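Input: a single structure, listed below in structure tokens.
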2 protein chains.
Amino acid sequence: MRRSPVTVLSPDVLAAQGAEAGATYARLAAKGLKLDMTRGKPSPEQLDLAEGMLALPGNRDFVTEAGEDARNYGGLQGLAEARRLFGAMLGVPAEAVVVNENSSLAVMHDCIVWALLKGVPGGAPWVRQEIAFLCPVPGYDRHFGLCEGFGIRLIPVPMDEDGPVVTEAERLAADPAVKGMWCVPSYSNPSGVTYSDATVQRLAGLKTAAPDFRLFWDNAYGVHHLTENRPAPHDILGLTAAAGHEDRAFIFASTSKITLAGAGLAFFAGSKANVAWYLEQAGRRTIGPDKLNQLRHTRFLRDLDGIHRHMTGHRRLIAPKFEAVLEALDVRLGGLNLARWTKPEGGYFITVEMIQGSAKRVVELARGLGIALTPAGATSPYGRDPTDSVLRLAPTYPSVDDVRTAAEGIALCIHLAALEAGGLERAA
Amino acid sequence: MRRSPVTVLSPDVLAAQGAEAGATYARLAAKGLKLDMTRGKPSPEQLDLAEGMLALPGNRDFVTEAGEDARNYGGLQGLAEARRLFGAMLGVPAEAVVVNENSSLAVMHDCIVWALLKGVPGGAPWVRQEIAFLCPVPGYDRHFGLCEGFGIRLIPVPMDEDGPVVTEAERLAADPAVKGMWCVPSYSNPSGVTYSDATVQRLAGLKTAAPDFRLFWDNAYGVHHLTENRPAPHDILGLTAAAGHEDRAFIFASTSKITLAGAGLAFFAGSKANVAWYLEQAGRRTIGPDKLNQLRHTRFLRDLDGIHRHMTGHRRLIAPKFEAVLEALDVRLGGLNLARWTKPEGGYFITVEMIQGSAKRVVELARGLGIALTPAGATSPYGRDPTDSVLRLAPTYPSVDDVRTAAEGIALCIHLAALEAGGLERAA
């Protein structure tokens, strides 16, 4: 957050604020809290929503819709019933979906290593040249780490309330090294922004120097609504095809935050050529996925309505936690003009932007209270936020009471860090 | 099979054999069989042995030995109880084991792509140079395909009754391009040979030009005994360490042919440095494996005795099928000296070696009977058997009666192909 024009406070008021905040900090520190707001993990209560899955598919239930034995080898693309169900969730036809094991990150990893070693449809192996990815910021640290691990250069692209700033993406994509772009189009990690239709349309038609450029379209939060609005997923396959870039999007998703975080299903989806390519590579890697887990999912969720009903259960558990954070931030920081934060309508995160140069200090102060936060900088490429101003809060795992306590502590730390930095005095 | 010295048969005898074989072929062809002896797939009855797993772990059963929630993210290396159980199976300590998803082929794939892009401990990324792997022949087509897919050159190494011919392996490993060697040490695919202790010791100490040479030690059939003998797995970690090559072995295994072929667990095991390396790479790929499936396995199998008891169930189902094949081969071909075959004490395959230049014809003749065989050449690198003499039979999936019928048909085709080739006449 740039230093915004605020009324300069009198020394007396600042001293009073400092005294109160310091005393509150000491009182809170004495409580010996142990709260974790670092990762987007479902709470035990959320996992309980999928309790019925623990005994599924159940005795003698292993025959698929096609009459095949789900216990045995094979079925590389996944069961038809699973592809239909999750195709509906992703807004793509069943034949555009490949069902994998439990991790969408793993699917992204595999696409990257195959692109590096074999090339994607329409291109040579990436390993032969320098490669760069566009990274909307703030973004997801594991996306960045995946690229970094394979020596792929990370180029930040700013986000606004419509998603990535497309003019900037297009300017950067004039470099033929730029082969990919990370996108979390719905309730983005961590800003909570859902890309506008106009932004998505422009990304679908983006001019890029690399003919084998790919949108790494991570639809991680497509059905993870926090309100009663349920915007449909963007029709990225249709839009890229209409723009003459039929093979541009690699779509990823999982049920990690729908059913069971460790034991869900992950999906790849894409154009005909991309699916054929994916299956060709995957067919060397495995004889087939865990189809019993696919049966377990289709038996439990049944249809798209079933998914939405299930997600309503999540919303009832999560939404109060988001409200608790927003309220705590508002109570302490609402009038002070020293931080702003997102008010997401879905997803797993709240992003707080505070006075430049203070995010690391806030993490440190919070640690002193027993509150673990994602390291400052984690939402930027290479873990370096040049403004040191952005923090990601993950309120899903702790109880509502703990989330409120943690958020009050974090708001306090933001206030204290600003007082320490003289941010309030110097603001003008 | 080289043409062995046989008594030259008289034209009358040959004519009689030809007439009988031709008539039998016509009679069998008329039956319209549809039998598949291609892949090492467990039969439905074998999968039924794991019926109890279909409702596991069961209601509210998700807490691990360490008191953690197996439903949530994390636990990259796998549950302690799963690593202990399958470490015992592999003859390595629990800390040497990483538990993955359902496919050991996938674990091998990942090791290869990480070796190519990142290098293994003690070496540079393989992708910077030409790479070759030693391939004991006959071997497993998916091993070969994995290498071929990434441009890794395949170099055949002959097998004898003790395993790969080590002098030949050592001669070839003087080439620094040779970075790896495929090994299936127990009941090898497809010969059924178990490597002798001496061979394993010599492989552990093999002189190689490449300092980062790895044995890709695929212990796919370590507990898959067909007799009451249960030889323990080779202590490859101990032997390589004793030979001064502590990091030489990457061990792979799975429960695909123990519990459920599509929904088992796959393992990586190795030295401390190799496990650390594997986890570093895997940690970029995934947040953790499906730990509910690990609980499902430990709840069901319990301990090493449980695994052995379970495998006895498999043996009771499989051994009669192997016997049926061996008997059918013996009945028709026993006295004719035109084929020889392995009599495995474990594993999933019988290898038949017949007159040179006849294996493709046998596959074709069998197809005419409705019997599907693995393509001739599949057991050699690049699918090319220069002698065209080796076929792999996979008798586990069909019923005993079908296996017997198929084996009779195959024996007949081997006989017919030899008669066609004049192999009997010309043998001398």
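This one's a predicted model, so the numbers in the text were calculated from it and none came from an experiment. Note on naming: letters A, B, ... go to the chains in the order of the sequence lines (proteins, then strands), and numbering restarts at 1 for each one.
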Item to check | Residue selection (most heavy-atom pairs with chain A, distance under 4.5 Å) from B/G288, B/A263, B/A282 | outcome: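 Result: the option with the highest number of such pairs is B/A263.
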Item to check | Contact winner vs chain A - B/K257, B/E280, B/K291, heavy-atom pairs under 4.5 Å | outcome: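 Among the listed options, the one with the most contacts to chain A is B/K257.
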Side chain, backbone, both or neither: which part of [X] has an atom under 4.5 Å from a heavy atom of chain A?
X      : answer
B/R142 : side chain
B/D61  : backbone
B/V127 : side chain
B/R60  : both
B/P44  : both
B/L56  : backbone
B/D69  : side chain

Next on the checklist: What I'd like to find out is whether the side chain of B/N72 reaches to under 4.5 Å of the side chain of A/P42, using heavy atoms alone.
Outcome noted: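 SC-SC contact between B/N72 and A/P42 confirmed.
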Next on the checklist: side chain to side chain contact (heavy atoms under 4.5 Å, CB included), that's the test. Do A/N102 and B/E101 meet it? Break it down for me.
Outcome noted: CA-CA 8 Å; A/N102 72 331; B/E101 306 312 320; 3.4 Å; yes
Atom pair [atom1] ([X]) and [atom2] ([Y]), whose distance is rounded to the nearest 0.5 Å:
X      : Y      : atom1 : atom2 : answer
B/R285 : A/I112 : CZ    : CD1   : 12.0 Å
A/Q46  : B/R71  : CD    : CZ    : 10.5 Å
A/H109 : B/Q281 : NE2   : CD    : 7.5 Å
B/F62  : A/L260 : CZ    : CG    : 10.0 Å

Next on the checklist: Minimum heavy-atom separation for A/Y73 and B/G40, please, with both atom names.
Outcome noted: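 Residues A/Y73 and B/G40, closest heavy atoms: CE1-O, 3.6 Å.
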Look at [options] and state which one has the largest set of heavy-atom pairs under 4.5 Å with chain B.
options                        : answer
A/L295, A/D110, A/N293, A/L116 : A/D110
A/G145, A/S103, A/G149         : A/G149
A/P57, A/P125, A/G58           : A/G58

Next on the checklist: For A/K118, which atoms come within 4.5 Å of any heavy atom of chain B: side chain, backbone, both, or neither?
Outcome noted: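 Contact with chain B involves the side chain of A/K118 alone.
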